[in-house]
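Notes for the one structure printed next.
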Amino acid sequence: MVSDDGVKNPFDAVQRPVIDPDYSPTPGYTEQEWAKLVVTARDHHRVAAYRKRAYALLLMLYTLCLRIDSLLNARVEHLGYDKGHHVLRVKVKGGGWKTKPIPPVTWDALQDYLDGRTEGWLFCTSSGAQLDETCRVAAVRRAGQARQPSRTSPHGVKGDGVTHALAKPDARPDKVQRWADHKDSRTTQRYNRRKELLDDSPGYGLGADIAGGLEHGAD
């Protein structure tokens, strides 16, 4: 009888690569490139009938910092108005529900797309059916066909939103974390594609301050 007792896993001796948990191979867009992307979706999508949908979908993903599955599982009935804000009630990762405010530019694009529709899936096919996984990815990538579509993905949109929000002069990391629906601030920073940029080094600010102090001290 042949027994496997005592036989070690042959892969135990294999040296595994060290993977940085903060590394992401997904390239991102600058804010200027994002502006061009949404204009492309609005005015130059290769299927004219899909332009309003693509434009509204990109703005909803970007300005509400949503996962694609959360957005495409939302219904028109989940739209509302709360304390002066147009809002969307969505189910976020983990199963909980969250109310997300919709900025004016996004609300206008959404209403233009809905064209008075008051029920059904928020984003749907021409027949009113829910978009499937293939359509979900294609809806975003086709929108960026003239802006390097290989760089555009639904989840990449969220990464760009986090990166751009954190780059604002008055950015509050805790607010960006809540906006992104992250329980851990480290997750938010993993989305931040600017964190390794040399331009963002706090040392430049400190250096400028001390240089000014040195000049003042020499007077």
Side-chain angles (χ1 to χ4, degrees), residues 28-29 31 34-35 37-39 41-42 45 49-144 152-166 168 171-184 187-188 191:
Y29 286 100
E31 290 187 69
W34 246 99
L37 174 65
V38 294
V39 168
R42 184 191 65 192
H45 193 291
Y50 295 165
R51 287 174 183 172
K52 291 182 179 180
R53 185 181 71 182
Y55 179 55
L57 186 145
L58 282 173
L59 286 175
M60 288 289 286
L61 286 173
Y62 182 67
T63 63
L64 274 68
C65 203
L66 290 170
R67 292 172 60 88
I68 186 67
D69 55 338
S70 293
L71 180 58
L72 295 181
N73 279 309
R75 299 182 63 85
V76 180
E77 295 90 333
H78 296 158
L79 293 171
Y81 194 76
D82 185 8
K83 300 175 183 176
H85 301 274
H86 293 293
V87 297
L88 175 66
R89 188 77 171 163
V90 292
K91 183 176 285 189
V92 298
K93 186 177 181 180
W97 288 82
K98 187 170 181 179
T99 299
K100 308 276 282 191
I102 306 174
V105 64
T106 306
W107 178 258
D108 290 345
L110 182 63
Q111 292 307 302
D112 191 33
Y113 161 62
L114 291 175
D115 194 26
R117 185 160 56 88
T118 59
E119 61 182 12
W121 299 110
L122 190 60
F123 288 94
C124 60
T125 65
S126 56
S127 64
Q130 186 180 26
L131 296 180
D132 59 23
E133 189 64 32
T134 301
C135 291
R136 296 176 186 192
V137 176
V140 174
R141 288 189 172 169
R142 285 175 184 167
T152 314
S153 71
H155 206 58
V157 174
K158 185 170 184 176
D160 287 339
V162 169
T163 300
H164 300 162
L166 287 172
K168 299 298 181 185
R172 284 271 303 274
D174 57 326
K175 288 187 176 183
V176 176
Q177 179 186 340
R178 289 194 296 272
W179 174 64
D181 308 314
H182 293 153
K183 294 181 179 179
D184 192 323
T187 303
T188 307
Y191 278 73

**Q.** Least distance between heavy atoms, F123 atom then L72 atom
**A.** CB-CD2, 3.5 Å

(Q) A side-chain contact here means heavy atoms from C-beta on lying under 4.5 Å apart; do K91 and D69 qualify? (A) no

Q. Listed by chain and number, what are the side chain to side chain donor-acceptor pair (under 3.5 Å) partners of T99, not counting sequence neighbours?
A. R89

Q | Nearest non-hydrogen partners of A165 and A171, listed with the distance | A | O-CB, 3.3 Å

Q. Can you tell if the side chain of V92 reaches within under 4.5 Å of the side chain of L66, non-hydrogen atoms only?
A. no

Q.
Restricting to non-hydrogen atoms, name the atom on A56 and the atom on Y113 that form the minimum distance, rounded to 0.1 Å.
A. CB-CB, 4.1 Å

Q.
Would you compute the distance between atom CH2 of W107 and atom CG of D112 and round it to the nearest 0.5 angstrom?
A. 13.0 Å

Q.
Just so I know, are the side chains of L110 and L88 near enough to count as touching, which here means a heavy-atom distance under 4.5 Å?
A. no

(Q) With rounding to the nearest 0.5 angstrom, report the CG to CG distance, D160 to L61. (A) 11.0 Å

Q) At what distance, to the nearest 0.5 angstrom, does CZ of R75 lie from OG1 of T118? A) 11.0 Å

Q: Taking R67 for its side chain and K158 for its backbone only, find out whether a donor-acceptor pair lies under 3.5 Å.
A: no

Q: Could I get the full list of side chain to side chain donor-acceptor pair (under 3.5 Å) partners for R172, not counting sequence neighbours?
A: D174

Q.
Please check: side-chain N/O of W179 versus main-chain N/O of T63, any donor-acceptor pairing under 3.5 Å?
A. yes

Q) Under a 4.5 Å cut-off applied to non-hydrogen side-chain atoms, are L122 and L79 in contact? A) yes

Q) Which atom pair, heavy atoms only, marks the closest approach of V90 to S70? A) CG1-O, 4.3 Å

Q. Below 4.5 Å, heavy atoms only, C-beta onward: do V162 and C65 meet side chain to side chain?
A. yes

**Q.** P173 versus L166, closest heavy-atom pair with distance
**A.** CA-CD2, 4.0 Å

**Q.** side-chain contact (heavy atoms from CB on, under 4.5 Å) between Q130 and N73, worked out
**A.** CA-CA 8 Å; Q130 186 180 26; N73 279 309; 2.7 Å; yes

Q: State whether the side chain of K52 and the backbone N or O of Q111 hold a donor-acceptor pair below 3.5 Å, judged by distance alone.
A: no

Q) Do the side chain of H164 and the main chain of Y29 share a donor and acceptor less than 3.5 angstrom apart? A) yes

Q: Mark yes or no for whether H85, through its side chain, and D82, through its backbone, hold a donor-acceptor pair below 3.5 Å.
A: no

Q: Could you pull out the closest heavy-atom pair between C124 and R117, with the gap in Å?
A: SG-NH2, 3.7 Å

Q | Spacing of NZ belonging to K175 relative to OG1 belonging to T188, to within rounding of 0.5 Å | A | 15.0 Å

Q. Is there side-chain contact between D181 and K100, with at least one heavy-atom pair below 4.5 Å?
A. yes

**Q.** Geometric class of the W34/Y62 ring pair [parallel <30°, tilted 30-60°, perpendicular >60°]
**A.** parallel

**Q.** Working for side-chain contact (heavy atoms from CB on, under 4.5 Å), residues V87 and I102
**A.** CA-CA 5 Å; V87 297; I102 306 174; 5.5 Å; no

Q) Where do L59 and L64 land on the side-chain contact (heavy atoms from CB on, under 4.5 Å) test, with the steps shown first? A) CA-CA 8 Å; L59 286 175; L64 274 68; over 6 Å; no

Q) What is the ring orientation for H45 with Y50, classed by angle as parallel under 30°, tilted 30 to 60°, or perpendicular over 60°? A) perpendicular

